[in-house]
Protein chains: 2
Amino acid sequence: MSRRILKYAILGLLSKEDMSGYDITSEFKKAIGQFWSAKHSQIYVELKKLLEENSISQYIKMAGVKLEKKMYSLTTKGKEELRNWLLELDKNVETEKDIFALRLYFLKDIPTEEIPVLFNNQLKLRTEKLSFLKEQFSFHFGGEKNPLHLDAEALGHYFVLTKAISREENYINWLNKSLDIINKQESR
Amino acid sequence: MSRRILKYAILGLLSKEDMSGYDITSEFKKAIGQFWSAKHSQIYVELKKLLEENSISQYIKMAGVKLEKKMYSLTTKGKEELRNWLLELDKNVETEKDIFALRLYFLKDIPTEEIPVLFNNQLKLRTEKLSFLKEQFSFHFGGEKNPLHLDAEALGHYFVLTKAISREENYINWLNKSLDIINKQESR
DNA sequence: TCCAACATGTAACAAGTTACATGATTTG
DNA sequence: CAAATCATGTAACTTGTTACATGTTGGA
């Protein structure tokens with residue numbers, strides 16, 4: 001993988017507001033999780049490291065009577081590091097790994113009758129994901145189709161959601177086109 | 001990551017023809033590298049492991065006078081494993097990691113004048129990649145737009161290339177739309 | 001004859017997953 | 001009062017990257 005992306009993902013989230021490890025884990029289940037994610041086990045060790053490196057600081061927030069929730073905020077150093085990272089220009093496009101596409105490349109080893117099964121499974125998964133994303137979009141931006149009035153924070157969210165939605169729509173479109181070719185071939 | 005995807009990527013490639021570690025490394029720079037890839041260092045250790053596990057077998061092919069090229073082929077076990085893996089149904093869609101989208105989510109921390117710089121850099125990278133993919137497409141499928149006559153092996157290649165091309169076109173489209181919004185906002 | 005591409009490997013390290021482990025709080 | 005969710009952590013292991021290391025072959 002690339003150089004400490006999780007570090008910057010965490011710094012970026014903390015730049016919006018103070019969060020606990022659990023909060024960060026939850027964020028990765030929402031919009032930004034479409035483009036980066038991590039399990040809680042990885043997040044807790046990264047937070048520990050970031051704290052040691054003084055990129056973030058910690059304080060306790062009581063949740064109920066006994067539960068000490070550990071909250072984190074950016075330090076000056078952390079803010080500086082985030083800002084520098086955000087301005088870095090990518091040198092090349094990394095492989096966007098996709099197991100379904102990989103499988104399909106080996107099409108000749110898949111029995112003909114199984115091919116539509118694989119496609120339909122993928123269509124189902126992608127359609128469900130698209131619904132989830134569209135719900136998220138309505139929830140945050142409602143019927144409002146015009147993003148011109150949004151502030152910078154909301155606009156970041158808007159871009160990421162529209163990106164994820166167009167990615168899934170494009171994926172589904174390609175699946176349908178390809179399945180069409182498969183069906184026409186079979187009746188050759 | 002998921003369970004030994006590299007193993008199956010290698011088995012799949014070897015199912016097309018016998019290859020050396022170097023050949024496999026080269027394949028990951030072409031079409032299939034859009035959806036899965038690995039460095040030679042990882043490939044050589046995986047080949048060693050696959051050989052020990054009897055999923056592949058090895059023989060020597062002289063390349064020149066001294067150079068012993070190590071060729072690998074699938075064993076019966078390897079073929080069986082590949083076939084089973086190809087029929088597995090995905091249970092969920094994995095995060096397709098994208099650093100540019102991640103950065104953009106943190107838009108509010110990017111100075112306004114730097115935003116178009118980031119977009120233009122990404123547009124350049126994606127446009128270059130699209131050109132590469134279209135060249136690959138012409139090379140393999142020429143002016144021929146009709147895939148109905150292709151055999152299973154060529155069709156797998158066709159699907160993967162059209163997938164990669166539509167992914168990049170869609171990406172560029174979203175970049176242009178988003179940059180448009182940015183420009184309109186600035187002159188608000 | 002030089003240089004790019006061909007060819008193969010190991011070591012150290014970083015990143016990511018799965019499983020184990022425990023306890024508190026909220027909601028029905 | 002039970003179950004779901006909130007909340008935090010560690011250990012073992014797998015996967016992936018970067019750097020180190022070396023030698024051959026083909027073409028300009």
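Chain letters run A, B, ... following the sequence lines, proteins first and then strands; every chain starts at 1.
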Would you confirm whether B:Lys108, through its side chain, and A:Ser15, through its main-chain N or O, come within 3.5 Å as a donor-acceptor pair? yes
Has B:Lys134 got more than 12 heavy atoms of other residues, nucleotides or ligands less than 6.0 Å from its NZ? no
Per nearest nucleotide of DNA chain D, the residue lying toward the 5' end, A:Lys70 or B:Met62, is A:Lys70
Of A:Lys49 and A:Val65, the one whose nearest nucleotide on DNA chain C sits closer to the 5' end is A:Lys49
Measure from NZ or CZ of B:Lys177 to the centre of the six-membered ring of A:Phe159 and say whether it is under 6.0 Å with the direction within 45° of the ring axis. no
C:dT8 P sits how many Å from B:Met19 CE, rounded? 13 Å
State which of C:dT10, D:dG16, D:dT10 makes the closest approach to the side chain of A:Val45. D:dT10
Mind calculating the distance between CD (B:Gln42) and P (C:dC13) to the nearest angstrom? 18 Å
Provide, to the nearest angstrom, the distance between the CG atom belonging to A:Leu67 and the P atom belonging to D:dT8. 7 Å
So, is B:Tyr44 near the phosphate of C:dG9, with a side-chain N or O under 4.0 Å from OP1 or OP2? no
Rounded interatomic separation in angstrom, taking CD from A:Glu46 and C1' from C:dA14: 10 Å
Any idea which of D:dG16, D:dT15, C:dA7 is nearest the B:Lys69 side chain? C:dA7
Specify the separation, in whole Å, of atom OH of A:Tyr22 and atom C1' of D:dT8. 11 Å
Using a 4.0 Å heavy-atom cut-off, does B:Ser20 contact any base of the nucleic acid, only the sugar-phosphate backbone, or nothing at all? sugar-phosphate
Consider the side chain of B:His40, meaning its heavy atoms from C-beta on, and name the nucleotide among D:dT15, D:dG9, C:dT8 that approaches it most closely. C:dT8
Rounded interatomic separation in angstrom, taking OH from A:Tyr8 and P from C:dA14: 14 Å
Rounded distance in Å - CD1 (A:Ile60) to P (D:dT8): 9 Å
Rounded interatomic separation in angstrom, taking NZ from B:Lys66 and C1' from C:dT8: 16 Å
Closer than 4.0 angstrom, basic N to acidic O: yes or no for A:Lys30 and A:Glu27? yes
ILVMFWY network linking A:Tyr59 to A:Ile24, side-chain heavy atoms under 4.5 angstrom: no
Give the nucleotide from the list D:dT18, C:dA24, C:dG16 with an atom nearest to the side chain of B:Lys39. D:dT18
Would you mind telling me which of C:dA24, D:dT17, C:dG16 lies closest to the side-chain atoms of B:Lys97? C:dG16
